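All heavy atoms count here, side chains included; hydrogens, waters and symmetry mates do not. Throughout, a chain's letter reflects where its sequence line sits, starting with A, and its residues are numbered from 1. Worth saying up front: this structure is predicted, and the values here are computed from it rather than measured.
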Number of protein chains: 2
Amino acid sequence: MAAVERLGYVPNRIAGTLASTTSRLVAFVIPSLSNIVFADVLRGAGAVLEENRYQAVFSVTDYDPSKEEALAAAMLAWRPAAVMLAGYEHTDGTAKMLRASGCRVVELLDLDGDAIDIAVGFSNRAAGRESAAFLLKRGYRRIGYVGHDLSRDIRAGKRFASFCEILEANGTPLVAREILAGASSVENGRLALERLLARASDLDAVYFSNDDMALGGYFHCLAQGIVIPSQLALFGYNGLDIGRAIPQPLSTIRTPRVATGQMAAELVVANAPPQAIDLGFELIEGATA
Amino acid sequence: MAAVERLGYVPNRIAGTLASTTSRLVAFVIPSLSNIVFADVLRGAGAVLEENRYQAVFSVTDYDPSKEEALAAAMLAWRPAAVMLAGYEHTDGTAKMLRASGCRVVELLDLDGDAIDIAVGFSNRAAGRESAAFLLKRGYRRIGYVGHDLSRDIRAGKRFASFCEILEANGTPLVAREILAGASSVENGRLALERLLARASDLDAVYFSNDDMALGGYFHCLAQGIVIPSQLALFGYNGLDIGRAIPQPLSTIRTPRVATGQMAAELVVANAPPQAIDLGFELIEGATA
DNA sequence: TTGAAAGCGCTAACAT
DNA sequence: ATGTTAGCGCTTTCAA
């Protein structure tokens with residue numbers, strides 16, 4: 001130990017991992033780092049992994065399934081204990097490779113589908129339904145939608161589809177929608193609401209693909225003097241902290257993102273059996289709807 | 001190759017790394033994942049690393065230098081090609097260990113100090129000075145400060161110190177300050193500005209530790225009917241996208257975070273000689289100051 | 001050009 | 001309890 005100290009010796013984990021053929025690497029293959037959702041998941045998982053001396057490695061797919069496949073393959077080359085990815089929508093190749101890999105696979109933030117191994121999250125379809133039911137209960141009937149690229153953000157697409165189903169079942173189908181091609185952002189939310197209202201000025205409520213978009217909508221209303229919620233109600237998704245700090249707290253659904261990461265990491269560390277865990281979500285009434 | 005295909009063989013990078021004794025791992029030791037600043041750096045670096053078949057691994061210090069030391073040591077055990085950390089403020093142990101490790105070390109987002117090896121970023125002191133000079137040029141004289149825990153966020157502390165120096169040199173020292181103990185957040189910015197104004201109602205401008213805090217201040221003013229910037233001017237730091245989407249674009253300094261990550265990764269990939277690269281920053285005039 | 005063999009720095013199984 | 005040795009799955013060097 002004196003020599004260890006003197007020489008600054010640090011055991012080589014590469015060699016250790018090779019020798020033991022069991023790794024303490026956990027690979028994250030996530031759609032984006034800009035989206036706070038995935039940063040929150042990483043944060044939750046990171047804390048648990050670190051306590052258990054696991055090491056997190058990551059790569060970013062930009063919501064591209066074929067890139068996900070390439071990155072998942074690259075990750076597998078490190079022989080991780082587990083690979084964590086977002087949702088259920090993978091290419092056949094990804095699913096097959098993951099299944100054959102022998103390492104644990106955790107699918108995060110969605111429960112509407114079949115898991116490869118472990119799934120931790122909540123139902124986006126249920127979130128869409130509850131959002132619609134809430135707006136209807138509040139008496140809104142002329143409802144519009146503002147979203148971002150749904151072909152890439154499949155979970156947002158699930159929410160939207162379920163949202164529309166409830167509106168239709170109620171006999172008050174969606175009046176209008178404005179879907180921008182790019183990623184979700186505050187700026188895009190603002191722009192999209194402006195466009196939507198230009199086409200459908202008599203809406204009484206708008207459902208947004210997430211809080212970022214909804215904040216943009218809120219700022220548009222502020223700038224235009226549109227009174228919220230009497231003139232127009234706004235509803236988001238995610239329950240970001242910033243939504244509570246604006247003058248009128250945003251009505252939204254709060255999702256347990258950090259808890260999702262934590263739970264996922266705990267299951268991996270414990271080598272738990274395959275299972276799907278529903279962490280639920282919470283509807284925040286707020287002041288905008 | 002037929003067998004490779006049939007068996008789904010993936011070369012073991014652990015073994016490969018051990019055998020070649022050269023790794024393509026890059027270790028990030030960052031203060032936080034909640035702070036978009038570090039997510040941006042990771043994003044910029046991640047893209048470049050991926051193209052060059054490097055793999056990013058990370059861990060989070062929570063702004064704790066002793067935790068940084070422990071995590072850096074853990075990272076070194078993976079024999080990375082480089083370790084990237086935020087700023088210059090490390091424990092002696094961390095610096096010594098890093099120097100002895102033989103791997104490249106990149107210090108990010110600060111240039112006010114001495115680099116161990118490579119440094120990429122911009123001067124926080126210069127940013128503080130320019131912010132002060134801008135407010136003075138605009139005619140503000142009764143200036144306050146709203147910040148978060150500066151003992152942890154050392155770069156924010158540097159900005160603040162330099163900001164104050166310029167005010168003092170001008171004969172108009174800082175009138176009041178409100179520094180909250182916690183991390184920066186929109187909610188804390190709102191709360192802190194409220195407290196600051198309760199004690200010093202005659203301020204004509206407030207400098208915030210960053211845009212998150214400044215947004216909170218902006219929302220406080222909106223809610224209280226304080227007219228911006230005639231009654232009170234606000235100035236932030238970071239140049240977050242959301243600051244451009246609020247009804248009055250936030251006056252702030254935009255920092256090249258993604259570019260910092262990219263440049264850092266490029267230098268590591270190219271095995272560039274030790275150097276400090278100043279990527280500068282841009283003052284955004286906005287509408288709040 | 002192709003093939004064989006010797007490690008890389010550990011872990012784990014085995015022998016003492 | 002302690003010491004020895006055979007790998008882990010590759011890369012690299014050296015021989016053929």
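Checked against C:dC10, C:dA12, D:dC10, the side chain of A:Ser20 finds its nearest nucleotide in C:dA12. For B:Thr21, taking side-chain heavy atoms from C-beta onward, the closest of the listed nucleotides C:dC8, C:dC10, D:dC10 is C:dC8. Closest approach to the B:Ala19 side chain among D:dC10, D:dC8, C:dC10 is made by D:dC10 (side chain taken as heavy atoms from C-beta onward).
For the residue pair B:Asn188 / B:His148, no side-chain donor-acceptor distance below 3.5 Å is found, with atom types taken as modelled. Checking A:Thr255 against A:Arg257 by side-chain atom types alone, a donor-acceptor pair falls below 3.5 Å.
Atom CD1 of A:Ile14 is separated from atom P of D:dG9 by 15 Å (rounded to the nearest Å). Atom CG of B:Leu25 and atom P of C:dC8 are 20 Å apart (whole Å). Straight-line distance from the CG atom of B:Leu18 to the P atom of C:dA6: 18 Å, rounded to whole Å. The distance from atom CH2 of B:Trp78 to atom C1' of C:dG9 is 13 Å, rounded to the nearest whole Å. If you measure from atom CZ of A:Arg79 to atom P of D:dG9, you get 8 Å, rounded to the nearest angstrom. Distance, A:Asn12 CG to D:dC8 P: 18 Å, rounded to whole Å.
A salt bridge does not link B:Asp110 with B:Arg155: none of the charged nitrogens is closer than 4.0 Å to a carboxylate oxygen.
Without hydrogens or angle criteria, A:Thr252 side chain to A:Tyr237 main chain gives a donor-acceptor distance under 3.5 Å.
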